[in-house]
Every structure is written in structure tokens, then in C-alpha cells.
Chemist: 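What follows is a single structure, and I will ask about it in a moment.
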Amino acid sequence: MVTERLGAIRPDPRDASPLRIDEVLVRRMLVAFLREEAAKSGHRRVVVAVSGGVDSAAVAALAAETFGPERVTALFMPYRTSAAESAEHARLVARTFGLALEEVDISPQVDAYFARLGEVDRVRRGNKMARERKAIEYDRAWPDGLVVGTSNKTELLLGYGTRWGDMASDLNPVGDLYKTQLRELAVLLGVPDVIVRKAPSADLWVGQTDEGELGFTYAQADLLLYHLVDRRMRPAELIAAGFDAALVAGIRERVRRNHFKRLMPLIAKVSLRTIGHDFLYPRDWEAD
Amino acid sequence: MSIRIAIAQCAPALGAFERNLAMHDSWIARAKAAGARVVVFPELSLTGYYLKDLAADVATPATGERLERIAAASKGIDVCAGFVERGPDAVLRIAQGYWSGGSLVHVHRKVYLPTYGIFDDGRYFGPGDRFETFSSALGTTGIAICEDLWHVSTPYLYAAAGATVVLSPSDSPGRGVAEGGDLGTAESCRLMDRFYAQYLTLYVVFANRVGTEDGIAFWGGSEVVAPDGSVVARAPDFDEHLLVAEIDTHLVARERDRNPLVRDERRDVVHAQLGRAAGGPD
């Protein structure tokens, strides 16, 4: 009899089981992460942008559980084209986790900016919206709060996000969870079913869905990324195991092309000791 | 006898193996056209230096098919080029091959892996475990990859084993820009090349790369230093350059006649002393 090795690599496009996580354990780790990392930098309050989607709902739940709802500033920042459903769901999230939701309409500032520019690409407009929202989050974090990020591992790896926009934060509890894993965690955290089940969308223009824009599903991407990244398998091995060759190549290329989005700006080294190169201290640089 | 050598002071692409192969072809052609018998490329010339996790992606066995083009190119001119070797033990190492007449003649694996300051070699690579000389078009030769040369024992061991030429393919990052001087690193390297060449009475061939990776610039300044301590040729700093120089085997003989330091080395005393220092029997 052949006994399967624990943690064996099973690359199979029809078998999503390698993505399963122990949600109870992950919840414990993420709450501890938020509590300890905020405390080390002397912060006791956080800001979370709630979009009405599942990722920010899960992060809002984790923040409420960690800090208590009264120490969480939950912001909903719609643009005039945002789906009505987004507002309903954001309010539902706030009610579910006992948060006071602050609503800031970003239409005036975004429209004022673009009024001078005429017709511009919708992706460019979307980037601007994401950065306006982040600027508001940082403003609302002043003087004693931290901005908590909501970008998941799938988005970060694919580069499906706006640099210094939605991708920006001080702490990100969910950046190492693939979209499908984060959805599972959201269920455990008590995120309402209607939010967990709806099609993910950046809601930057009418009718936009992540999967429509990306051209593949999160289920496909996550399983592929898991084998590619977590298990260090090569594209050729995955294709041999039955994954679609074009999908493998396309996703691998997205990961490569967008790697810069995951890093701090490059500093040109000229001196004997350079920030980021050989001036390296932990972020958790604690005083006596 | 005079042998013409070329140094390809190039800027490899980071992690783009095929592109670097094509780049090698063009430098090899230029070196051939310049009449060189040997062309020396910098450390990891086929892969780039700050590979991090890309190291596994660009790795190849020393006799793997990825390197066949380099082997084939060596039918017309000897080629010394750098790559990431996936060893028979599956460990990744920083390697420099020497190809001649269509086949691989020698591989040196970087022994000293800098893992401090801006360097992280030890995180990604395993170390080589020996300094072996081999017979090249230039005579008895040893290869010291970048940090290898900073350890005094490396060129010494090669000299003790009979080397008359030390090739030092390097990826030396430039740093230290105090006013009025050379780059800090350049000054150190030049001092080293000259000192080793003169006091071990051999040729030092320093092949450094140029270009920038993740904000860190490699400074070039490749040079050939003769056994009398004179700089035979030096490439400019920071620019790509094919440096061509003559290596005069008679000069090694003449310097060693005049100054028989290597002949008179008491290898037995050094060996015994090192044995004691390493905790061996007294």
C-alpha cells in the first residue's frame, strides 16, 4: 500500500484542496499580528476602508475583534458611479461588526481634478480614485491611528491593484492569503453570506468585475499561484500536470511584470551605507 | 611569447539567460575580431548578479544544454564565462567555466560567498571547496571569483600550485563617493590587483562588470596587471568596454628570475603552520 506523504505536492487543475487552510488558526495568528504590531509602534487605533467587498469586510472583522469596534475607523468612500449594492454591503458590514461607518463621497475631488483634463482612460480614473481614498484613510489615521491594508495575496502577486492606492497600508493582515482562502476565513469571521458569495469587483467603473477584467477566475489563479509560488514549481511542470499553458504563461508574466508594485522605491547606492541596501534594521525597532 | 586576451566588460541582464547568451555571442565575435585567444567575462555573466530567488530559474549543470552555445563558440576562441551551476548534489553554486576547442575544460566554484553589507551570496548559494589550477591558453591558470580574490590565501594558493595567471571575474558594486578620490571599492581592487601581481609575480586579470541592478551600480574598471606590478591595460569605469591586452609569458619568467619569491616560498613551513593553526598535530 502506498501512503501519501504529508504535504505532498499534488498539482492538479481540478483539485483545489491544497489551498485549504485552518481558518481558526489563521484567525488567531492575524489578530495577534494586528495587536502586537500596532502596540509596538504605539498605536491603539486603526483605519479600515470598507468597500462592501469580502476582503475589506474580513479585515474590518479582524480589526474589530482585535481593537474593539470603538477603536476602528471604518470608512466607506464611494464615487458617483459606485454600485448601490456596494453602499448597502458596506453598511451591512458595519452593522455586523458593530462599527460606526463614516461615508466620504470622493466624487467632488475626483471630478474637480479630471474636469480640466477631458476624457481620460478609465483605468487612469480608477487609479486616481484609489489614491484619493488612500489619502483620506491616512488623513483620518492622523494623529494616532494606523491604516490597515486589505490587498490579498492573489492581488499582490498579480499586481491587480493601484500602487500607493489600495495597495498602500501600514499593516496588512491578509496579504499572505489567496482570495479563495480569504473567502473561507471571511465565513468563519461572520461576514454575511451575500458579501462572501458576490462576484469580486474593484467597482471602479460600472459593470467591472475582477474576473472579467483579469480574464480568468480566482479559483484558477489561486491554485496556479499556490503551486508556482508556495511550492516553487516550474511553469513547464504545471503545464505537464494539466494546467492550461496560456494561463500559466499569462499569470507567470503578470507576477514578473508587476513585481515592482510589491517593493519600495529603488534607492541609488552611492555612499558607504544606504537605506534599504546595507542600512538594514527591523521595522520592529524597539526602544529600551 | 605574447598572448592576446580580451575582457568583456559587459552589463548582463538580470535573470534573462537567453538574452545574455546572445550578448555573449556578440562580445565573443568582437574579441575574435580583435585577435584575442581568450575572452574573459565577469562573474555570473550569463545570469546577472543579484538574482535572489531567480538563481534556481537560471541554473544549469556545467555540461548542460543551456551552455552548449558557449561551448560551441569556444571552437574559435577560449571563453571564460560565469553561470549558476546546479551541481550533481543539486546545490546551487556561483561558477565560472573555461571552454576551449568546443568543450568545457575547467570550472571554478566561488569559495568565499560574501554575506554581509550589500551581499547575500550565502543565502542563495553553496560554497565551492577548492582552488584548482588548470592549463589554459595563457599558461597555468587559477580562477578567483570576486570575493575569492579578497582573501589573500586564494592567489597565494594558486601561486603555490604553479599559476602564472589569476583570472578574477567579478561583480564588484561601486560605493563610497568621498570627494577627491577614486570610488572606495575601485581603490581597494586596484591595490589588490597590483599587490598580488607584483608579489606573487603573476598576471592578474580583473574582469568586472558594469550596469545597475536594483539600484546598485557595478563600476567596471577591468584591468590586466603584469607580474612587475605594471597595469598593462585598464577599461574605463561604468561603461561597457572590450579591453584587449597582451600577456607576455617571458615577463613572468624574467620577474621570477629577478625576484624568486614564489620559488623560495617555504610551502612545508606554511603547511605545518596552517596545520597547527587549524588544530592539527604539532
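Note that these values count all heavy atoms, side chains included, but never hydrogens, waters or copies made by symmetry. No experiment lies behind these values; they were computed from the predicted model shown.
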Chemist: More than 12 non-hydrogen atoms from neighbouring residues, nucleotides or ligands closer than 6.0 Å to CD1 on A:Ile275, yes or no?
Modeler: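 Open.
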Chemist: Given that the side chain runs from C-beta out, which part of A:Leu272 has a heavy atom under 4.5 Å from chain B: side chain, backbone, both or neither?
Modeler: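 It is both, since atoms from each part get that close.
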Chemist: Compile the donor-acceptor pairs, distance criterion under 3.5 Å only, formed between chain A and chain B.
Modeler:
{"from": "A:Arg234", "atom 1": "NH2", "to": "B:Ala56", "atom 2": "O", "distance (Å)": "3.2"}
{"from": "A:Lys269", "atom 1": "N", "to": "B:Gly215", "atom 2": "O", "distance (Å)": "2.8"}
{"from": "A:Val270", "atom 1": "O", "to": "B:Gly176", "atom 2": "N", "distance (Å)": "2.9"}

